[in-house]
Amino acid sequence: MHLNKGIYMQLSDQDLVRRESLKAIREMGIDPFPHEEFTSNTNTQLIKGNFKDEKAEEFSNVSLAGRLMSKRGKGAAMFAEIQDQVGRIQIYLRRDDICPGEDKSIYNILIKRHVHLGDHIGIKGFVFRTGMGEITVHVTSFTLLSKTLRTLPVVKKDAEGNIYDAFSDPELRYRMRYVDLTVNDGIKEIFIIRSKTISAMRKWFDTKGWLEVETPVLQAVHGGAAARPFKTHHNTLDMPLYLRIANELYLKRLIVGGFEGVYEIGKMFRNEGMDRTHNPEFTSMEIYVAYKDYLWMMKMTESLLEDITKEVLGQTEVEFDGQKIDFKGPYERISMYEAIEKFTGVDISEMDEGGLRDLCKQFHISVEDNMGRGKLIDEIFGEKVEGNLIQPTFITDYPIEMTPLAKKHRSKEGLVERFELFVNGKEIANAYTELNDPIDQKERFEEQLELGKRGDEEAMAMDNDFIRSLEFGMPPTSGLGIGIDRLVMLLTGKKSIQEVLFFPQMKPEQKKENE
RNA sequence: GAUCUCGUAGCUCAGCUGGUAGAGCAUUUGACUUUUAAUCAAAGGGUCCUGGGUUCGAGCCCCAGCGAGAUCACCA
């Protein structure tokens, strides 16, 4: 890309033309960036959806604002298109209607010459249908609302809906998302689905009486998950702080404090690799409900996802990468050991660390010396099982070594009460019957410290205040976390997380020179 | 972090065995008062990502760097 040569300051010949026009507009006595509000009484969608030829008089006085997206000059008249947030509509500008007097400069000079594609305009007029049958606004009054100084890519669509010259370079699309949103079809819809998903979830929880809360993003001890954090520094306190990798331990403190249902939707930060399913900051939803267990939470999760997909998409089925995925519950439930046996034919439930290590070798799965039993099982699962779980599937009952914050299984030795929900081969939710025995919790942290000493960089740190809070008594509780970005990817059919983030993380365009 | 691929006009892309750049759209000028990927005529627009090297000569070959995408590893 030509980004290195200075995308910020270099102007193309086309951009220079716009600067010249800006000057010319001012010389005409017209403010290219006027202050006054422009009042619309409709929008493109309302007109296109409701206009009827026999009811044309209802549309005899419309006003709307938007960007000029195409111009088809025909001499003393012109067809053009205006685009607002909800769509696009054709407009018809006739010189003698816009300039009824002797002075034709608004049409001849301003509109024909100095108004460019991308400019924000306000129009008033009446709606009619052209000879070709297209609903069109016949403009009687034209206002320039904001001049565009850069050339917008022009994306054209023919009658069959074929797209020409789409603005398709992913780098440019992500860096200049404002352009992507403006010129490419369907981009806004992705983010509308994202927004609706979050708001549907929030509404669903609020209806149950659970409380939306906010917990610290800056944490002195980063806990609640296995991941490398971003480190920062507080100047006044002169101490290191970490951006949260999870908020679990804080939310549980609130359950200790007497809230019976709390949830938080917010950003987490993990200082790890980036690829098409990982961004350094991502959005998670975590919810904790007192007096519940993970069996209850599975039912809740089914019901939540079924309701949300229905609300957002109008149906529970989505199509992803050619596969039909149905969020209608109930979902298949299968324990971790059963799942591994199902896809490998090997029963690992009684295997010790050495046996698992041999099995990994047999399956050509590369493992590290510092991996404990839990991690080895996780490797086998990730390699042999995960990818097969296309329809929503609960994997339950994880080995205790992998899960230091979950309660021991009520009946199965060596396991914890945990489930993860897999869809399309990817984990999208994770839940426990939360560990509320402070002595057990302390021992689990100590085991984590041991793993840390063996070289596991992601082992959790001891959180003494969290232990203290449990000593004050946490009711039996179940917690659930959902990766919002991944859920939105499923609901929008997007294979890359960057497609569902407005501004995915990018390296800087230019090296700093003399800053 | 590793490997592979890519970077040429505002956008989307061509560019042959190495001979100092092309198209469509967009822009500018002109024609056209119901067109629609408007049309017709003409014109302008380039640090071929950056820096080295090979060569009489590099968009093309080699090396290094920058940025992006895909795959893999780690993670959600």
Side-chain angles (χ1 to χ4, degrees), chain A residues 1-7 10-18 20-21 70-81 90-98 107 112-113 116-118 128-134 136 138 150-176 179 183-184 225-228 245-246 268-284 366 368 378-379 382 420 422 426-430 457-458 481-487 489 495-498 504 506-511:
Chain A
M1 253 329 88
H2 40 270
L3 298 175
N4 291 331
K5 78 185 179 193
I7 194 170
Q10 244 186 34
L11 296 175
S12 69
D13 58 329
Q14 298 193 46
D15 295 335
L16 291 170
V17 165
R18 286 160 192 257
E20 288 300 313
S21 286
S70 74
K71 258 168 111 174
R72 293 186 286 273
K74 291 266 302 162
M78 174 189 300
F79 285 95
E81 282 175 303
Q90 177 167 272
I91 63 177
Y92 180 61
L93 301 126
R94 193 152 67 173
R95 179 170 60 201
D96 297 336
D97 294 328
I98 288 165
Y107 183 85
K112 269 187 96 167
R113 191 156 309 193
H116 292 105
L117 299 190
F128 74 111
R129 194 184 292 273
T130 65
M132 302 293 287
E134 179 144 351
T136 302
H138 189 128
R150 293 243 183 203
T151 310
L152 223 44
V154 177
V155 179
K156 296 201 172 191
K157 199 154 70 163
D158 68 16
E160 280 87 51
N162 299 311
I163 307 278
Y164 299 85
D165 298 330
F167 179 57
S168 58
D169 183 324
E171 177 172 3
L172 296 178
R173 287 183 48 230
Y174 302 150
R175 287 195 196 280
M176 299 191 280
V179 175
V183 304
N184 284 332
R228 274 146 55 204
I245 57 173
M268 303 299 152
F269 307 85
R270 298 190 183 176
N271 205 341
E272 296 182 340
M274 292 164 59
D275 60 26
R276 65 183 208 290
T277 53
H278 297 85
N279 195 65
E281 57 181 287
F282 64 99
T283 302
S284 94
S366 61
E368 313 268 326
D378 197 33
E379 289 293 321
E420 290 191 311
F422 287 84
K426 291 264 154 42
E427 180 200 338
I428 69 157
N430 181 22
E457 278 184 54
E458 293 166 349
I482 293 179
I484 297 292
D485 308 285
R486 292 203 176 160
L487 178 60
M489 285 165 69
K495 288 183 230 166
S496 156
I497 196 170
Q498 296 169 310
M506 289 262 160
K507 289 199 181 181
E509 283 177 50
Q510 297 169 291
K511 282 243 168 214

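What you see below is based on every heavy atom in this structure, not just the backbone, and it leaves out hydrogens, waters and symmetry mates. So that the names make sense, note that chain A is the first sequence line, chain B the second, and so on, each numbered from 1. What you see is a predicted model; the values in this text were computed from it and never measured.
Going from atom CG of A:Asp275 over to atom P of B:U71 covers 9 Å, rounded to whole Å. Taking atom CG on A:Leu11 and atom C1' on B:G46, their separation rounds to 15 Å, with Å as the unit. Look at NZ on A:Lys157: it is 17 Å from C1' on B:C25, rounded to the nearest Å.
Of the side-chain N and O atoms in A:Arg276, one or more sit less than 4.0 angstrom from OP1 or OP2 of B:U71. Between A:Gln498 and B:A68 there is no side-chain polar atom (N or O) within less than 4.0 angstrom of OP1 or OP2. A close approach under 4.0 Å does not occur between any side-chain nitrogen or oxygen of A:Lys156 and OP1 or OP2 of B:G24.
Applying the Watson-Crick and G-U wobble criteria (two distances, each under 3.5 Å), B:C11 pairs with B:G24. A 3.5 Å limit on both hydrogen-bonding distances identifies B:G30 as the Watson-Crick or G-U partner of B:C40. Across every strand in view, B:G69 sits in a pair with B:C4 that passes the Watson-Crick or G-U test at under 3.5 angstrom.
Among the protein residues, A:Asn279 comes within range of the nucleic acid bases, having at least one heavy atom under 4.0 Å from a base atom. As judged by a 4.0 angstrom heavy-atom cut-off over every strand, A:Gly481 is placed among residues making no nucleic acid contact. Heavy atoms of A:Met78 sit nowhere under 4.0 angstrom from any nucleic acid atom. A:Arg113 comes within contact range of the sugar-phosphate backbone alone, with a heavy-atom separation under 4.0 Å but no base atom that close. A:Glu427 comes within 4.0 angstrom of the backbone, heavy atoms only, and of no base. Using a 4.0 Å heavy-atom distance criterion, A:Phe167 is classed as a sugar-phosphate-only contact. Residue A:Thr130 is classed as a base contact, given a heavy-atom separation below 4.0 Å to a base. A:Ala225 comes within 4.0 angstrom of no nucleic acid atom, judged by non-hydrogen atoms across all strands. At a threshold of 4.0 angstrom between heavy atoms, the contacts of A:Glu134 include nucleobase atoms, whether or not backbone atoms are also involved. Backbone-only engagement by A:Glu379 is indicated by non-hydrogen atom pairs under 4.0 Å involving sugar-phosphate atoms exclusively. No engagement by A:Arg228 is indicated, since no non-hydrogen atom pair under 4.0 Å with the nucleic acid exists. Within 4.0 Å (heavy atoms only), A:Tyr174 reaches sugar-phosphate atoms of the nucleic acid but no base atom. Here A:Ser70 lies out of heavy-atom contact (under 4.0 Å) with every strand. As judged by a 4.0 angstrom heavy-atom cut-off over every strand, A:Lys74 is placed among the base-contacting residues.
To the nearest whole angstrom, the two P atoms, one in B:U34 and one in B:G15, are 42 Å apart.
Between the side chain of A:Arg95 and the base of B:U33 there is no donor-acceptor pair of N/O atoms closer than 3.5 Å. Judged by distance alone, with hydrogens and angles left aside, A:Gln90 brings a side-chain donor or acceptor within reach of the base of B:U35, the pair sitting under 3.5 Å. The base of B:G10 does not come close enough to the side chain of A:Asp13 for any donor and acceptor atom to sit less than 3.5 Å apart.
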